[in-house]
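Comments concern the structure below.
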Amino acid sequence: MSKTIYLDYSATTPVDPRVAEKMCRYLTAEYGLFGNPASRSHSFGWAAEEAVEEARQQVAALINADPKEIVWTSGATESDNLAIKGAAHFYAKKGKHLITLTTEHKAVLDTCRQLERDGFEVTYLDPRPDGLVDLDRLAAAIRPDTILVSIMHVNNEIGVIQDIDAIGQLTRSKGVLFHVDAAQSAGKVPIDVTTSQVDLMSFSAHKCYGPKGMGALYVRRKPRVRLEAQMHGGGHERGLRSGTLPVHQIVGMGEAFRLAREEMASENERVRSLRDRLLAGVSGIEEVYINGDMERRVPHNLNVSFNFVEGESLMMALKELAVSSGSACTSASLEPSYVLRALGRSDELAHSSIRFTIGRFTTETEVDRAIELIHEKIAKLRELSPLWEMFKEGIDLDNVKWAAH
Amino acid sequence: MTVYFDHNATTPLDGRVLAAMLPYLQGAFGNPSSPHRLGRLAREAVGRAREQVAALVGAHPSQVLFTSGGTEANNLALKGVTASFGAGRLLISAIEHASVMASARSLAGNGWQVDQLSVDHLGRLAREPYVAAIADSRLVSVMLANNETGVVQDIAPLAELARQSGALFHTDAVQAVGKMAIDFAATGAHLMSLSAHKLYGPKGIGALVRDKALSLAPLIHGGGQEFGLRGGTENVAAIVGFGAAAELACSELVARRERLLFLRNLLEARLSAQIPDVVLFAQEALRLPNTLFMAIPAIEGQTLVLELDRRGFELGSGAACGSNSDVPSHVLAAMGVEVTLARCAVRVSLGVMNTEQEIEALVAAMKEVASQLRGVAAAAWA
Amino acid sequence: MAYSDKVIDHYENPRNVGAFDKEEQNVGTGMVGAPACGDVMRLQIKVNEQGVIEDARFKTYGCGSAIASSSLVTEWVKGKTLDEALAIKNADIAEELALPPVKIHCSVLAEDAIRAAIDDYRTKQGDDSSETDEGRKSA
C-alpha cells in the first residue's frame with residue numbers, strides 16, 4: 001500500500017487499529033467470545049449478546065438516541081432500503097407519495113425507483129446550485145398523500161450538509177416521516193435526535209473507521225415509527241431485521257462510533273486544516289471550480305473541477321493519489337457525476353471533477369505531496385488539451401460547433 | 001475450562017481465516033468500486049473469494065452472489081425469484097429454517113399458497129405428498145441438511161421432479177456446506193444458500209448460488225454491486241474470510257468428516273452405554289457427521305443445557321434462532337415425536353477441534369446431571 | 001480500469017504533442033469529438049510535395065485510451081501517403097493498444113481524426129473529389 005496517498009475517505013476508511021483489535025477478540029476460539037447471540041442456552045451466547053448490546057449503546061450515544069431505537073443492518077444501503085421500503089409499505093394506506101433529492105446516494109434513488117415500480121409515486125427535487133435543498137420547494141412538493149421525505153445529511157460527493165433541523169420541522173408539521181441517510185455525516189457532524197425531528201436515520205460503519213458490511217438504522221420510538229420488515233427469519237432485531245448478528249462487526253461499529261464521539265471535535269479541527277491547506281494549494285491553478293457550498297460542508301471534503309482536463313485521465317495522472325471522480329459506486333460507468341449535473345454543472349466540468357476526502361490518517365506531508373502532483377499533472381494534461389489551447393487563444397468553446405460523436 | 005459443542009449455531013473463526021482477513025481491514029481496505037489501486041486490490045480479493053466459494057460447491061464463480069448471510073440468501077432466493085411471477089404455489093418442507101419459513105409467510109401475505117411438506121419419523125421428506133403437490137407448484141424450498149437433526153435430504157431426485165414439472169428448486173445448504181461434499185449442478189437445484197460462519201468463517205457473510213438463466217430481483221437496491229443483484233459496498237474482509245474458509249473446508253473435507261464421524265460414534269456409544277434410556281433422534285438416517293440430536297427422557301432440554309453450561313459445556317437446545325421461545329422443536333414435531341419427549345431434546349454439534357477427552361467429559365457430565373435431576377425428582381416423589 | 005502497458009506508455013510519454021499552424025497550406029487539421037462527451041481529439045498532419053505525411057501533431061482532451069490512441073496515430077501516419085493513412089482502421093489501433101471493449105470508441109475517434117485531417121488537407125488543395133463520406137461527417 002506503500003506509496004499511495006489515500007484521499008478517498010468518503011469511499012471507505014481503514015478500520016481503526018483500536019477497532020480491529022477489539023473485533024479480533026470476537027472471532028477466534030481463544031477468547032470464548034465467538035458465540036451466536038441468539039444462543040440463549042449457554043454463556044458463549046450470552047457473552048455475545050452482551051457485546052452486541054454494549055455496541056448498540058455506543059452507536060445510540062453518538063446521536064443521543066435510546067439504544068432500543070437502533071436496528072443492526074448489513075450497511076447503510078440496507079438501512080436505506082429498510083427505512084424507505086419499510087415505511088412506504090407500512091404506511092401505504094395513508095398515501096403513496098415520497099419525496100427525495102436528485103443528488104441522493106444510489107441506495108436511496110434505486111430504492112425509490114423500485115417503489116415506483118411497486119405503484120408508489122416519487123418526486124425527485126433538484127437542489128440549489130450550492131447543493132442544498134430549497135425548503136420552499138420542498139414544502140411546496142409535500143402533498144396530502146406524501147408519507148416520507150428522504151434527504152441525506154451530507155452528500156457523498158460534495159460534502160454539503162443539509163439543514164436536517166429545518167427539514168425535520170417542516171416534515172413534522174406536515175405529518176410526514178423524515179428519513180436521513182447519515183452514512184457520510186456520522187462522526188463528522190454532531191447529530192442529536194432529541195433535537196432534530198428525524199424519524200429514520202441510516203448509518204454505515206465503514207465510512208467511520210469501522211468494518212464494511214455493517215450498518216444501523218435509527219427508528220424513532222416517540223412518536224413511534226413503524227416499518228415493514230424486509231428481511232424475514234428468526235425474528236432478530238425485534239422482528240425488523242432477521243439474520244445471525246455478526247458480533248465482531250457490531251462490536252467494531254460500536255467501538256468506531258465510540259471513538260467518533262470522543263474524538264470528533266479534535267479530529268474535525270485537524271482534518272479541516274488539512275483540507276484548507278489542500279484548497280489553498282489548488283486554488284492557485286487557473287480555471288478551477290469548487291463544487292458545492294464551502295460553508296455548510298463537512299471539514300474533510302473538497303470537490304474540484306479542473307476545466308479543460310478530462311477526469312479519467314486526471315485520475316490516471318494522479319495514480320499516486322487514491323481519489324474519486326464522482327461517487328465510488330458510479331465511477332465504474334463512464335457517465336459524468338449525476339450529482340454535479342444536478343447542481344447545474346456542465347458535462348465538461350462534471351467530467352473533470354475530483355473528490356478529495358481527508359481522514360484520520362492523512363498527514364500534512366501527504367497533502368503537500370498531493371498539491372505538488374496536482375500542479376504538475378494539470379499542467380501536463382493541459383499541455384495536451386486542445387480545449388485549453390483554444391481557451392488560451394480566447395475562443396469561446398460554447399460557440400464551437402462540435403462534431404457529435 | 002469451557003467446551004463448545006454448539007457448532008451448528010456458529011463456529012469459531014479458524015485462525016488461518018483470520019490471518020487472511022486482517023490485511024483487508026487495515027492495509028488493503030479499499031472500496032471495490034473505487035477505480036484506484038486500493039479499490040482494485042479489494043476487487044481482486046473479492047474475485048478470488050468468489051472462485052473459492054464457487055469451488056466448494058462445484059459452481060462457476062459468476063453464479064455466486066455474496067449476501068450478508070444465510071438468512072439474506074434465503075430471503076433473496078424466495079422473494080427474488082418470485083418477484084417476476086404472479087402468485088402461485090410454494091412448497092417448503094415442514095422442517096425448514098426460520099428464514100425460509102418466514103420468507104414463505106411473507107410470500108403468503110402477497111397471495112402465494114404455501115404448503116408444508118411432511119417428513120417421516122427420521123426427518124426425511126416424504127416422497128408421495130411431494131410428487132402429488134409438485135405438478136401445480138412454481139417453487140420448492142427443501143433444505144439440504146437440517147440444523148437440528150443433521151438429517152440430509154436426498155434432494156437430487158426432488159429437484160429433478162421439480163424441473164420436469166417446470167418448478168424452481170431452492171435448497172438451504174447453510175448447515176450442509178463444509179460438512180459434506182456438494183456439487184451444485186449435480187443437486188439439480190436452481191438456487192442454493194450458503195453461510196460462512198457455520199464453516200469456521202466470519203459471521204455476516206453468506207452467498208446465494210444461482211442458475212444464471214433465472215431472473216432474480218434484488219432485495220437490496222442501490223450501487224449495482226454483485227451483478228446488480230445486491231446493492232451495498234462489499235464486505236471485503238468477510239468475503240475474503242468466507243473464501244479462505246471455503247478453501248480450507250474443501251481441502252480438509254474428508255479429514256474433517258472422518259474426524260467428526262469418529263467423535264460422534266464415540267459420543268453415541270458412550271451415551272448409549274452410560275445413559276441406557278437416551279434417545280438418539282434420526283440415528284438411522286443419513287446425517288451430517290457432526291450432529292447429534294438427543295433426549296434424556298424426563299430431563300427437560302433447557303434444564304439440561306443450563307446445568308451443562310454451569311459445568312462448562314456449551315450445547316444448544318435446538319435452533320439458535322428459535323431458542324428464545326418455549327415451543328419445542330418444530331422439527332421433532334414434524335417427525336411425530338411426542339411433545340413430552342421433544343421438550344427433552346438437546347443438540348450436540350461437534351467441531352473439528354473437539355477431542356475424545358471432551359466427549360468423555362460431556363457424557364460423564366450428562367450422566368451426573370441426569371442422575372442428580374432424577375434424584376431430585378425421585379426425592380420429591382417419595 | 002486496467003490499461004495495457006502500451007496505453008500507459010503512450011499516456012505517460014505521449015509522442016508528437018503540439019500544433020502546426022493550421023493556416024499553412026501543407027497542414028491538414030482534424031478535430032473530432034466533443035467536450036460534453038469527454039473526448040476531443042485534434043490531429044494535424046504536414047504533407048510534403050510527394051503527398052507523403054512527413055510529420056504529425058496531436059492534442060487530446062480525453063481519457064488515457066484517447067490520448068494513447070491519438071499519440072499512436074501520429075506515429076503511424078508519419079511516412080505514409082494519404083491513401084495509406086486512410087487505410088488505418090480503428091480495429092488496428094484497438095488491437096495494438098489492447099483496448100478494453102468500453103474504450104473502443106477512442107480508437108474510432110482516432111480513425112475519424114485521421115480522416116478529418118486528410119479531408120481538411122485535401123480541401124485546402126482544392127481536391128474535393130477525394131473527400132470521403134466519413135470525413136464529411138466528422139469534419
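Letters go in sequence order (proteins before strands), and every chain restarts at 1. Only a predicted model underlies this, so the values are computations on that prediction, with no experimental measurement involved. Hydrogens, waters and symmetry mates are skipped; everything else that's a heavy atom, side chains included, is used.
With values rounded to the nearest 0.5 angstrom, A:His206 atom NE2 is found 9.0 Å from B:Asn235 atom CG. How far NE2 of B:His36 is from OH of A:Tyr6: 5.0 Å, rounded to the nearest 0.5 Å. Rounded to the nearest 0.5 angstrom, B:Glu314 CD and A:Trp46 CH2 are separated by 8.0 Å. Between the OG atom of B:Ser106 and the CE atom of A:Met231 there is a distance of 11.5 Å, given to the nearest 0.5 Å. For the atom pair A:Arg113 CZ and B:His221 NE2, the distance stands at 12.5 Å (nearest 0.5 Å). Between the CG atom of A:Asn36 and the NZ atom of B:Lys203 there is a distance of 6.5 Å, given to the nearest 0.5 Å.
Both the backbone and the side chain of B:Leu25 come within contact range of chain A, each with at least one heavy atom under 4.5 Å from a heavy atom of that chain. Interface residue A:Asp16: only backbone heavy atoms are found under 4.5 Å from chain B. When heavy atoms are compared at a cutoff of 4.5 Å, A:Phe361 does not approach chain B at all. Only the side chain of A:Asn81 comes within less than 4.5 Å of a heavy atom in chain B; its backbone stays farther off. Within the 4.5 angstrom heavy-atom criterion, no atom of A:Leu109 approaches chain B. Contacts of A:Val108 with chain B are absent, with no heavy-atom separation under 4.5 Å from either backbone or side chain. Looking at B:Thr67, there are no atoms closer than 4.5 Å to chain A (heavy atoms on both sides), in backbone or side chain. Contact annotation for A:Leu245: only backbone heavy atoms (N, CA, C, O) come within less than 4.5 Å of a heavy atom of chain B. Heavy atoms closer than 4.5 Å to chain B are found in the backbone of A:Thr13, but not in its side chain. For a residue to count as touching a neighbouring chain, one of its non-hydrogen atoms must lie under 4.5 Å from one of that chain's; by this rule B:Arg230 touches chain A with the side chain only.
Nearest heavy-atom pair across A:His232 and B:Ser103 is CB-N, 3.9 Å. A pairwise comparison of heavy atoms in A:Pro17 and B:Gln26 identifies CA-NE2, 3.1 Å as the closest pair. Scanning both residues, B:Pro12 and A:Thr28, for their nearest heavy atoms gives CB-C, 4.2 Å. Residue B:Gly232 comes nearest to A:Thr77 through the heavy atom pair CA-OG1, 3.4 Å, listed as atom of the first residue, atom of the second, then distance. Residue B:Ile220 comes nearest to A:Glu78 through the heavy atom pair CD1-CG, 3.6 Å, listed as atom of the first residue, atom of the second, then distance.
Here A:Ala322 is the residue among A:Ala107, A:Gly243, A:Ala322, A:Gly75 with the most heavy-atom pairs under 4.5 Å with chain B. Ranking B:Gly15, B:Gly69, B:Ala237, B:Gly30 against chain A, the residue ahead of the rest is B:Gly30, based on heavy-atom pairs under 4.5 Å. Ranking A:Ala229, A:Ala48, A:Ser74, A:Ser43 against chain B, the residue ahead of the rest is A:Ser43, based on heavy-atom pairs under 4.5 Å.
At least one side-chain heavy atom of A:Cys24 sits less than 4.5 Å from a side-chain heavy atom of B:Leu22. No side-chain heavy atom of A:Pro211 sits under 4.5 Å from any side-chain heavy atom of B:Met21. Residues A:Gln249 and B:Ser68 fail the side-chain proximity criterion, which asks for heavy atoms closer than 4.5 Å. Side-chain contact between A:His248 and B:Leu13 is absent, with no heavy-atom pair separated by less than 4.5 Å. Between A:Lys212 and B:Ile239, the closest side-chain pair of non-hydrogen atoms is not below 4.5 Å.
By the 30° and 60° cut-offs, the orientation of the rings of A:Phe44 relative to B:Tyr4 is parallel.
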